[in-house]
2 protein chains.
Amino acid sequence: MEIHQLAYFIAIVETGSFSKAAERCSVAQPSLSQQIKKLETEIGHLLFDRLGRRVVLTNAGEMLIPKAQRILDEVQGIKVDIPSDIEEGQGSLAVGFIPTISPFVLPSVIRRFSQEFPQASLEVHEDLTEDIVQKLVSAELDVGITSLPIKNKMLQTEELLTETLLVASSSKYDIASRASIQVKELDDFPFIALNEVHCLGEQVQSFCYQEEVDLSIVCHTSQLSTVHKCVAMGLGISLVPQALAIDDPIEEVSYRAISDSLPQRKIVAATHIKRHRSYLAQQFIEIVRSEYPSNHSA
Amino acid sequence: MEIHQLAYFIAIVETGSFSKAAERCSVAQPSLSQQIKKLETEIGHLLFDRLGRRVVLTNAGEMLIPKAQRILDEVQGIKVDIPSDIEEGQGSLAVGFIPTISPFVLPSVIRRFSQEFPQASLEVHEDLTEDIVQKLVSAELDVGITSLPIKNKMLQTEELLTETLLVASSSKYDIASRASIQVKELDDFPFIALNEVHCLGEQVQSFCYQEEVDLSIVCHTSQLSTVHKCVAMGLGISLVPQALAIDDPIEEVSYRAISDSLPQRKIVAATHIKRHRSYLAQQFIEIVRSEYPSNHSA
DNA sequence: TACTATTCATAGCTTGCGCCTATACAATAT
DNA sequence: ATATTGTATAGGCGCAAGCTATGAATAGTA
């Protein structure tokens with residue numbers, strides 16, 4: 001059974017004749033006759049009684065009408081609905097954030113996304129970079145919001161922004177009140193380090209290695225918020241994302257830029273290199289970009 | 001868009017791969033790839049992201065699944081449902097009876113037909129032979145129950161039974177008590193004639209013409225029941241179908257056969273020569289045959 | 001009643017599309 | 001690195017749908 005056969009059939013029913021139906025369908029009348037014959041053979045019943053110059057529906061033909069009409073409508077529906085549904089933002093999207101980003105952007109991003117695309121179903125994962133990469137590769141996630149570097153060659157990244165890391169310290173240390181901070185001064189103070197399972201932890205470490213600074217680490221934590229609290233309690237200083245200072249500042253803590261060398265991390269949207277970036281994914285990325293504190297409040 | 005394309009699509013979704021789907025659909029994998037590509041072009045969106053050795057659904061593909069599945073189910077339904085519905089006696093049937101038959105058979109025929117085919121929709125017309133013929137030709141009616149002759153060459157007839165016409169008379173006339181009645185005796189009595197718009201009226205007239213009997217008609221009526229009542233009141237005698245005597249006898253009236261020449265009418269089911277005789281039509285005809293009083297009670 | 005016009009079916013030919021095989025290319029597992 | 005698995009591309013083939021021409025039969029008309 002073929003769709004055009006059903007279309008021919010309905011055309012005959014509506015026009016009342018093979019010839020008129022053929023004209024409407026832009027085919028020759030014999031072609032249409034042949035196709036109806038095939039349809040009849042497949043169904044096992046005559047659809048029309050041929051009275052010579054006239055045709056009338058058989059019972060089988062009568063029963064076919066609603067079924068055929070329905071199928072044709074649905075086929076038409078596919079061609080119309082899917083493109084329009086996609087423009088309306090229907091569909092699903094699975095995204096991942098790393099823990100040193102999500103606190104600043106997740107709430108506002110989810111809120112805006114849900115408002116703009118109420119029809120979409122959003123699934124958010126918080127994971128370490130490594131896991132996000134893996135899930136992007138396996139297509140469990142559509143978009144990952146992480147920071148560079150990402151070395152997996154199956155993934156592509158779109159840069160969202162470059163975020164500066166600031167020196168966070170309490171007033172207990174005089175570094176908080178200096179006019180400008182030099183890189184070399186970092187090792188003069190006890191340092192609160194983020195565990196290296198976080199890319200931010202790695203980034204800080206590699207920055208210091210590059211700048212030949214030998215930190216005196218007094219504490220390793222596994223959450224950025226813990227780092228923050230430790231700094232506030234005066235246990236030491238640390239390097240934290242600017243977004244933390246903007247989004248969630250603590251009164252007792254000062255956030256100062258290093259004057260002679262800027263530690264930075266690049267925030268990116270990572271996607272699978274072979275996968276089509278859906279409309280929802282694109283829009284999501286733009287929302288993250290605009291809602292990111294360092295951009296958003298600027 | 002073609003049905004096999006949707007089938008290929010669903011097969012890929014269910015098997016998770018083009019190759020496996022191709023095997024299930026009994027086509028080569030490249031053929032299937034081509035058809036999916038065409039489908040994607042027509043819909044205007046990619047349905048799968050090709051990750052090399054793996055494929056994953058896009059949002060558009062996700063949306064297509066239920067729609068495609070539904071269409072495939074419905075197509076399958078057509079091939080299954082229509083034949084089975086017809087076997088179950090679904091469908092419609094329009095039948096016509098002439099007024100000199102309908103009183104004896106219509107009630108019981110309708111009852112039995114409705115019992116046997118509760119799903120069918122039956123439409124019954126009572127009309128003169130001429131109108132029934134016209135409606136059979138124009139396909140407004142599927143079956144006509146009439147009596148011969150029918151000369152229209154677009155119609156074919158199936159003989160149901162041959163019905164004898166009996167002499168009906170009241171006891172007022174001695175014909176009622178004779179051992180046997182001769183044709184020639186008919187003109188000895190006043191005769192109640194049925195109007196010639198009825199074929200029965202014509203048949204009686206032509207019978208008498210053939211037998212060279214010159215009736216002394218005292219009354220023309222347009223209904224057989226009126227003829228019957230007139231006979232009962234002793235206004236005259238008449239020739240009536242055997243079915244009337246069986247189905248609806250009046251006590252004061254005697255019904256006697258003519259001994260030397262049997263007036264008869266053939267009851268037939270007439271149908272359009274070019275139209276397929278539906279299952280319902282066939283069954284209907286058999287019901288009429290078996291429910292006709294002259295057969296039924298025999 | 002014969003003639004004409006209309007309509008569907010059939011026959012024979014043409015063409016395009018779906019299918020096939022072979023092969024290239026890419027990703028994952030070993 | 002190599003083998004294996006899986007999809008895309010290229011080129012050729014055959015069937016099925018399409019077309020034109022014609023036949024058959026009905027319905028309207030002179």
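As the structure is a prediction and not an experimental result, all values here were calculated from the model.
At dT7(D), none of the side-chain N or O atoms of Lys274(A) fall inside 4.0 Å of OP1 or OP2 (strictly under the cut-off).
Distance, Ile3(A) CD1 to dA17(D) C1': 16 Å, rounded to whole Å. With rounding to whole Å, Asp49(B) atom CG is found 15 Å from dA27(C) atom C1'. The distance from atom CD of Gln5(B) to atom P of dG18(C) is 7 Å, rounded to the nearest whole Å. With rounding to whole Å, Glu23(B) atom CD is found 13 Å from dC20(C) atom P. Spacing between atom CD of Gln35(B) and atom P of dA8(D) amounts to 13 Å, rounded to whole angstrom units. Per the geometry, CG belonging to Leu46(B) stands 14 Å off C1' belonging to dA8(D), to the nearest Å. Rounded to an integer number of Å, the gap from CD of Glu40(B) to C1' of dA8(D) is 12 Å. Atom C1' of nucleotide dC19(C) and atom CD1 of Ile36(B) are separated by 15 Å, given to the nearest angstrom.
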If a protein heavy atom is under 4.0 Å from the base, mark B; if only from the sugar-phosphate, S; if neither, -; do that for nucleotides 2-16 of chain C going 5' to 3'. ---BBSBBB------
Trace of the side chain to side chain donor-acceptor pair (under 3.5 Å) decision for Gln29(B) with Ser33(B): CA-CA 6 Å; Gln29(B) 167 266 314; Ser33(B) 290; 3.1 Å; yes
Test Lys79(A) against Glu42(B) for salt bridge (charged side-chain N to carboxylate O under 4.0 Å, His left out), laying out the working first. CA-CA 7 Å; Lys79(A) 291 191 279 196; Glu42(B) 184 166 1; 3.3 Å; yes
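The pair Glu2(A)-Lys38(A) fails the salt-bridge criterion, with no side-chain N (NZ, NE, NH1 or NH2) lying under 4.0 Å from an Asp/Glu carboxylate O. Between Glu40(A) and Lys37(A) there is no salt bridge, since none of the side-chain N atoms of the basic residue sits less than 4.0 Å from a carboxylate O of the acidic one.
In this pair, Tyr279(B) and Phe117(B) present their aromatic rings perpendicular. The plane angle is above 60°, beyond the 30 to 60° band.
Using a 4.0 Å heavy-atom criterion, one finds that Tyr8(B) contacts the sugar-phosphate atoms exclusively. Within the 4.0 angstrom heavy-atom criterion, no nucleotide atom of any strand lies near Lys153(B).
Side chains of Glu62(A) and Ser92(B): a donor-acceptor N/O pair is absent below 3.5 angstrom, by distance only.
If you find the closest nucleotide of DNA chain C to Glu2(B) and to Met154(A), the one lying nearer the 5' end belongs to Glu2(B).
For Glu23(B), the CD atom sits in a loose shell: 12 or fewer heavy atoms of surrounding residues, nucleotides or ligands are nearer than 6.0 Å.
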